[in-house]
Structures are given as structure tokens and as C-alpha cells.
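So the structure is just underneath, and the comments pick up after that.
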Protein chains: 2
Amino acid sequence: MEQTKELDSSRLELAASMLKAIAHPMRIAILKHLEGGKKRTVSEIHELLGIEQSTTSHHLGILRDKGVLCSQREGKNTFYYLKFNILSQIVDCLETCTCD
Amino acid sequence: MEQTKELDSSRLELAASMLKAIAHPMRIAILKHLEGGKKRTVSEIHELLGIEQSTTSHHLGILRDKGVLCSQREGKNTFYYLKFNILSQIVDCLETCTCD
DNA sequence: CTTAAATATTTATATATTTGCATTTTTAAA
DNA sequence: TTTAAAAATGCAAATATATAAATATTTAAG
């Protein structure tokens with residue numbers, strides 16, 4: 001019995017929760033800064049986006065909890081990065097679909 | 001001044017609202033049934049998914065209002081279909097990322 | 001052991017979403 | 001013009017989400 005390629009009920013739930021995590025302007029912007037396997041700290045993203053530190057941490061936490069990002073602590077810093085590089089496709093697709 | 005390929009603030013809002021529309025188990029399932037340019041009526045989707053007619057219409061309305069689907073009425077039926085076929089990429093990507 | 005930088009968590013309020021049921025509207029056919 | 005099928009809308013209760021401010025935790029350096 002191999003892994004199905006279809007989206008059954010529980011996989012639909014998981015897929016929706018991942019997508020819901022991404023579906024926020026700030027969090028899409030975060031993903032933009034993590035394309036190509038880049039790893040960034042909370043502070044870097046906090047400065048790049050110009051939003052509160054706690055808000056930044058909160059958004060990153062959501063993305064990690066829902067399986068979109070991974071994190072790895074190094075000293076005082078925590079680096080975040082895409083769990084699946086293929087997720088950039090979603091941002092790319094949105095760029096195409098919001099051209100007009 | 002040509003159309004930028006980047007996601008500025010208002011395009012981020014638009015992208016997020018499209019993605020939020022998709023980010024629901026039932027609505028992902030709906031998109032699955034519209035891949036490849038297929039057109040389906042409210043009733044067909046209502047039967048395929050086994051959910052209430054009004055709930056089906058509601059979900060389809062959200063997807064249309066947010067620019068994910070288009071609709072076209074033909075007699076008593078309203079056919080819904082993907083506004084951009086490329087949107088299937090998002091569903092495909094989710095299938096890949098929820099394999100494990 | 002103290003301090004300060006970097007993250008993370010808690011809390012509270014405001015806002016938004018989901019769902020089914022009932023109702024209404026639209027359209028074709030009798 | 002009455003009827004029935006198909007679709008859309010209004011409503012209300014339960015649930016979920018966003019945000020910022022305040023607080024807490026973790027870690028390296030002094």
C-alpha cells in the first residue's frame with residue numbers, strides 16, 4: 001500500500017492549514033525573502049519588513065508550526081528557511097496571477 | 001513605466017486575499033475538480049463534495065470574488081472554472097508538500 | 001553572576017470566517 | 001402563469017484570526 005498522490009480528507013486539512021499560514025501579506029513577503037534556500041534571522045526579517053519584533057516572531061512561528069518553514073538556533077539567533085524549496089512556486093504563481 | 005514583477009504592498013494584499021480564498025479544505029477540493037480548464041456547475045460540485053448546496057455556492061462565490069474562479073451562467077446552470085490555469089500549480093505544490 | 005541582545009510567549013480586544021438552515025431569485029418548461 | 005430546478009442570499013452562533021503591548025526565556029559576553 002503506497003502513499004497516495006491524492007488529497008484525502010486529512011491531507012486536505014493539512015494542505016489548507018499550510019496555505020492558510022502563507023495567506024497573509026506579511027507572511028508572503030517573508031517567503032519572498034527566503035526564496036532560493038536563503039536562511040534569515042528574526043531580526044533580519046524584522047528589519048527588512050519594518051514590523052514589530054514580536055509580530056515578526058509570531059508570523060515566523062505560525063509558518064513553522066504549519067510546516068512551511070524550519071528553524072535552527074545558532075547562539076542568540078534563530079534562522080528560518082523554507083521547509084520545501086518548491087513552495088516558492090506558490091509565490092511565483094501569485095506574482096503571475098496578480099499582474100493585471 | 002512597465003508592470004513590475006515584484007509584490008508591492010497592494011499586490012501583496014491582493015495575493016494574500018486570493019490565497020486566503022483557496023486556503024480551505026473544501027475550496028482546495030473544489031480546485032482539484034476544476035483542473036485542466038474543466039467547467040462545472042454548482043450542483044455538480046455539490047454532489048462531488050457531498051456538502052450543502054448553499055455552502056457550495058458560498059465557497060464558489062468566495063473563490064470568484066477573490067479572483068480565483070470565473071463563472072458563466074447558462075440557463076439554470078452556472079458554470080465555474082479557473083480564472084488562471086496556472087493556479088493548479090498551487091494545488092500540485094500542496095500535494096507534493098503533504099506527502100510525508 | 002549580571003547584563004544585554006535576540007527570540008518567544010502571553011494576554012486582551014477587535015475583527016473575520018464557517019456552517020447550516022431558511023428564504024429568495026433566476027430560469028426553463030409545462 | 002404556475003411549477004420546479006438551480007443558484008444565490010440573509011441570518012445567527014460557534015469558532016478562528018490579527019495585532020500590539022507587556023512579559024518571559026534563552027544565550028553570549030563581560
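Just the heavy atoms: all of them, side chains too, but no hydrogens, waters or symmetry mates, feed the values below.
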Here's one to test your reading of the geometry: is the NZ or CZ of B:Lys39 within 45 degrees of the ring axis of B:Tyr81 and under 6.0 Å from its centre?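 Positive - B:Lys39 is close enough to the ring of B:Tyr81 and near enough to its axis.
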
Whole angstrom is fine here: how far is it from [atom1] in [X] over to [atom2] in [N]?
{"X": "B:Ile30", "N": "C:dT18", "atom1": "CD1", "atom2": "P", "value": "12 Å"}
{"X": "B:Ile22", "N": "C:dT18", "atom1": "CD1", "atom2": "P", "value": "13 Å"}
{"X": "A:Lys20", "N": "D:dA18", "atom1": "NZ", "atom2": "C1'", "value": "13 Å"}
{"X": "B:Glu74", "N": "D:dA7", "atom1": "CD", "atom2": "P", "value": "11 Å"}
{"X": "A:Asp65", "N": "D:dA16", "atom1": "CG", "atom2": "C1'", "value": "15 Å"}
{"X": "A:Phe79", "N": "D:dT26", "atom1": "CZ", "atom2": "P", "value": "20 Å"}
{"X": "A:Leu12", "N": "C:dT18", "atom1": "CG", "atom2": "P", "value": "15 Å"}
{"X": "B:His24", "N": "C:dA16", "atom1": "NE2", "atom2": "C1'", "value": "13 Å"}

Side chain proximity check, [X] to [Y], heavy atoms < 4.5 angstrom:
{"X": "A:Val42", "Y": "A:Gln53", "answer": "yes"}
{"X": "A:Glu35", "Y": "A:Asn85", "answer": "no"}
{"X": "B:Ser17", "Y": "B:Leu14", "answer": "yes"}

Upstream residue (5' side of DNA chain D) when B:Ser43 and A:Ala23 are each assigned their closest nucleotide: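 The 5'-side residue here is B:Ser43.
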
Side-chain N or O of [X] less than 4.0 angstrom from OP1 or OP2 on [N]?
{"X": "B:Asn77", "N": "D:dA5", "result": "no"}
{"X": "B:Arg73", "N": "D:dA6", "result": "no"}
{"X": "B:Lys76", "N": "D:dA4", "result": "no"}

For a quick test of reading the model, state the closest non-hydrogen atom pair linking B:Leu94 to A:Ala15 and the distance between them.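 Looking at all heavy atoms of both residues, the shortest contact is CD2-O, 3.9 Å.
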
Between A:Leu87 and A:Leu34, is the side-chain contact (heavy atoms from CB on, under 4.5 Å) condition met? List the steps. CA-CA 10 Å; A:Leu87 284 164; A:Leu34 297 177; over 6 Å; no

Check ion pair B:Lys20-B:Glu13 (N to O, under 4.0 angstrom):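 Salt bridge: no.
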
Of the options D:dA7, C:dA8, D:dA16, whose atoms approach the side-chain atoms of B:Thr78 most closely?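 Within the option list, the nearest is D:dA7.
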
Which listed nucleotide (D:dA7, C:dT7, C:dT17) is nearest to the side chain of B:Thr41?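 When the side chain of B:Thr41 is considered, D:dA7 is the closest of D:dA7, C:dT7, C:dT17.
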
Classify the nucleic acid contact of A:Tyr80 as base, sugar-phosphate or nothing, counting any heavy atom under 4.0 Å across all strands shown.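 Sugar-phosphate contact only.
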
In residues 45-64 of chain B, what residues come within less than 4.0 Å of DNA chain C, judged by heavy atoms?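 DNA chain C contact set from residues 45-64 of chain B: B:Glu52, B:Ser54, B:Thr55, B:His58, B:His59.
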
